[in-house]
**Student:** 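Handing you a structure now.
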Protein chains: 2
Amino acid sequence: MFKKETEYALRGMVYIQIQNLKDRRPGVAEIAHEIEAPFFYTAKIFQRLAKQGFVRSLKGKGGGFFLDPEKKDLPLKEIIIAIEGNELFIGCGFGLKNCDENNPCPLHQQYGLIRDEINRLVSGETIQSLALSSMTKNVSLGFSRENSEKKS
Amino acid sequence: MFKKETEYALRGMVYIQIQNLKDRRPGVAEIAHEIEAPFFYTAKIFQRLAKQGFVRSLKGKGGGFFLDPEKKDLPLKEIIIAIEGNELFIGCGFGLKNCDENNPCPLHQQYGLIRDEINRLVSGETIQSLALSSMTKNVSLGFSRENSEKKS
DNA sequence: TTATTAAAAGACAAAAAGGTCTTTTAATAT
DNA sequence: ATATTAAAAGACCTTTTTGTCTTTTAATAA
Ligand code: FES
Ligand code: FES
């Protein structure tokens, strides 16, 4: 569905926000480890997100990443579009140059419903909303879910 | 959503089947033109599809592609999986190694619904079903829809 | 002010996807 | 038989995606 870069970005941002809510500022090493992404690739991705203003960062000791309080309630859709464009949200499921009601592909009606659902999902959720539900529910951002180690 | 190769394959197969229903066997040049795909790339894609048994072909004069009558009612899903694997149909929307009810990502429930919809669509439609609805309805496989030139 | 820490910048490289082209093989028509 | 047609095979290339690594900049701590 999404590009790997998008997946890493979303998982990482949710992780950052969860930590921010605990008054922590994770660095690249910690983020990459937690979301099971390659260190250097994660670094590059968050560097870009910082430049685009989706996350903020501090250098040096005690530094790391955190979300601008004004950005944590942005719909996921905005982040996704910034990374991979909006083809998924407006494009034709059959690959026609543009999805056009007046020149529909054979999947137009049915695919339209799916695309609407996708749009609803990414418009309705935010990094903050996912971070909060991740903390209450038993939810995972990588292989090792440490949200709920106290299971035994 | 799908890879370009998948899109070309599906559009091309629907076109082939429409022509087959008119007792024609289109060649690569015609297919590529009709679905607006690069000639050589289309050739390669249909070569693969032929080797995998999804389409059949005849060389030489009057040659071209046609669907095995037994294959034309295969769900799109089988063709798609043969081309790009089944990640889209079983994978996690957040990019976790596997979508696991017992280790869900923050999008698990909501993405699950979308994934189910996608599965329903590609399991319920076939090349034949799309070819038939393409002929009755006013439907397009490329830019120039010649299904309905007699509009004036 | 110097050492240490951690992100920013940017070059580099491997892999996958997308695309092009030439040569060979197999049909048909003359 | 041979000329023609069209797919099969396969080499090759380009772009995008994914990933790696080194050097530089900025912050803090001692
Ligand atoms: S034209 Fe294909 S989805 Fe609308
Ligand atoms: S775990 Fe992510 S969709 Fe199921």
Side-chain angles (χ1 to χ4, degrees), chain A residues 1-13 15-16 19-20 24-33 35-68 80 82-85 87-88 95 97, chain B residues 1-13 16 19-20 24-68 80 82-85 87-88 95 97:
Chain A
M1 169 85 26
F2 301 121
K3 294 203 317 180
K4 279 218 174 320
E5 184 178 347
T6 304
E7 294 173 347
Y8 293 153
L10 295 178
R11 297 220 300 277
M13 286 178 78
Y15 179 75
I16 291 169
Q19 295 307 311
N20 286 176
R24 296 191 63 252
R25 273 196 305 253
V28 172
E30 179 179 339
I31 298 167
H33 176 255
I35 68 174
E36 282 184 286
F39 173 86
F40 287 117
Y41 197 26
T42 305
K44 173 181 284 186
I45 290 168
F46 277 88
Q47 196 175 302
R48 288 181 195 144
L49 289 171
K51 199 159 4 183
Q52 293 179 288
F54 290 112
V55 299
R56 310 222 318 162
S57 66
L58 273 181
K59 287 179 174 179
K61 210 155 206 173
F65 289 89
F66 58 101
L67 270 80
D68 188 322
I80 296 167
I83 296 172
E84 61 179 43
E87 200 45 35
L88 182 60
K97 284 210 191 68
Chain B
M1 167 86 25
F2 301 121
K3 294 205 313 179
K4 279 222 173 327
E5 183 178 346
T6 303
E7 294 172 348
Y8 293 153
L10 295 178
R11 297 220 300 277
M13 287 178 77
I16 291 169
Q19 296 307 312
N20 288 176
R24 295 191 65 254
R25 273 195 307 253
V28 172
E30 179 178 339
I31 298 167
H33 176 255
E34 286 301 320
I35 69 175
E36 280 184 288
F39 173 86
F40 288 117
Y41 196 26
T42 305
K44 173 181 283 183
I45 290 169
F46 278 89
Q47 197 175 301
R48 288 181 193 144
L49 289 171
K51 197 157 8 179
Q52 292 178 289
F54 289 111
V55 298
R56 310 223 313 156
S57 66
L58 272 181
K59 286 180 176 179
K61 211 156 205 173
F65 290 89
F66 58 102
L67 271 80
D68 189 322
I80 296 167
I83 296 172
E84 62 180 43
E87 199 47 32
L88 183 60
K97 284 210 191 65

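These figures come from a predicted structure and were not determined experimentally. Lettering of chains follows the sequences in order, A, B, ..., and the numbering in each one begins at 1.
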**Student:** In whole angstrom, what separates B:Glu30's CD from D:dT5's P?
**Tutor:** 16 Å

**Student:** Taking the minimum atom-to-atom distance to the side chain of A:Tyr41, which one of D:dT18, D:dA7, C:dA7 wins?
**Tutor:**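 Comparing D:dT18, D:dA7, C:dA7 against the side chain of A:Tyr41, the answer is D:dT18.
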
**Student:** Using whole Å, report how far CD1 of A:Ile83 lies from P of D:dT17.
**Tutor:**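 Rounding to the nearest Å, CD1 of A:Ile83 and P of D:dT17 are 12 Å apart.
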
**Student:** To the nearest 0.5 Å, how far apart are CD in A:Glu5 and CD1 in A:Ile45?
**Tutor:** 5.0 Å

**Student:** Can you identify which nucleotide, out of C:dT20, C:dA9, D:dA8, has its nearest atom closest to the A:Lys51 side chain?
**Tutor:** C:dA9

**Student:** Please list each protein N or O that sits under 3.5 Å from an N or O in nucleotides 11-16 of chain D, with the distance.
**Tutor:**
| unit_1 | atom_1 | unit_2 | atom_2 | d |
| --- | --- | --- | --- | --- |
| D:dA11 | N6 | B:Lys44 | NZ | 3.4 |

**Student:** Could you check which of C:dA26, C:dT20, C:dA8 has an atom nearest any side-chain atom of B:Lys59?
**Tutor:**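 Between C:dA26, C:dT20, C:dA8, the one nearest the side chain of B:Lys59 would be C:dA26.
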
**Student:** Can you check the A:Gln52 CD to C:dA9 P distance for me, whole Å?
**Tutor:**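 After rounding, the reported distance stands at 12 Å.
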
**Student:** Once you apply a heavy-atom cut-off of 4.0 Å, does A:Ala29 come out as touching a base, just sugar-phosphate, or nothing?
**Tutor:**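 Counting heavy atoms under 4.0 Å across all strands, no contact is made by A:Ala29.
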
**Student:** Between D:dT5, D:dA7, C:dG19, which one does the side chain of B:Pro38 approach most closely?
**Tutor:** C:dG19

**Student:** A:Lys61 NZ to C:dT2 P: how many Å, rounded?
**Tutor:**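 Result: 18 Å.
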
**Student:** Heavy-atom count check: over 12 atoms from other residues, nucleotides or ligands less than 6.0 Å from A:Arg56 CZ?
**Tutor:**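 No - once you tally the heavy atoms of other residues, nucleotides and ligands closer than 6.0 Å, there are 12 at most.
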
**Student:** Please report, rounded to the nearest Å, how far the C1' atom of D:dA7 is from the CZ atom of B:Phe66.
**Tutor:** 12 Å

**Student:** Just the rounded figure in Å: distance from P of C:dA15 to NZ of A:Lys4.
**Tutor:** 15 Å

**Student:** Return the value, rounded to whole Å, for the distance between atom CZ of A:Phe40 and atom P of C:dA7.
**Tutor:** 12 Å

**Student:** Choose from C:dT20, C:dA29, D:dA9 the nucleotide whose nearest atom is closest to any side-chain atom of B:Gln47.
**Tutor:** D:dA9

**Student:** What residues from residues 5-13 of chain B pass a heavy-atom cutoff of under 4.0 Å to DNA chain C?
**Tutor:** B:Glu5, B:Tyr8

**Student:** Report the distance from atom CZ of A:Phe46 to atom C1' of C:dA6, rounded to the nearest whole Å.
**Tutor:** 15 Å

**Student:** Look at B:Ser57 and D:dA8 and indicate whether a side-chain polar atom (N or O) is within less than 4.0 Å of OP1 or OP2.
**Tutor:**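 Result: yes.
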
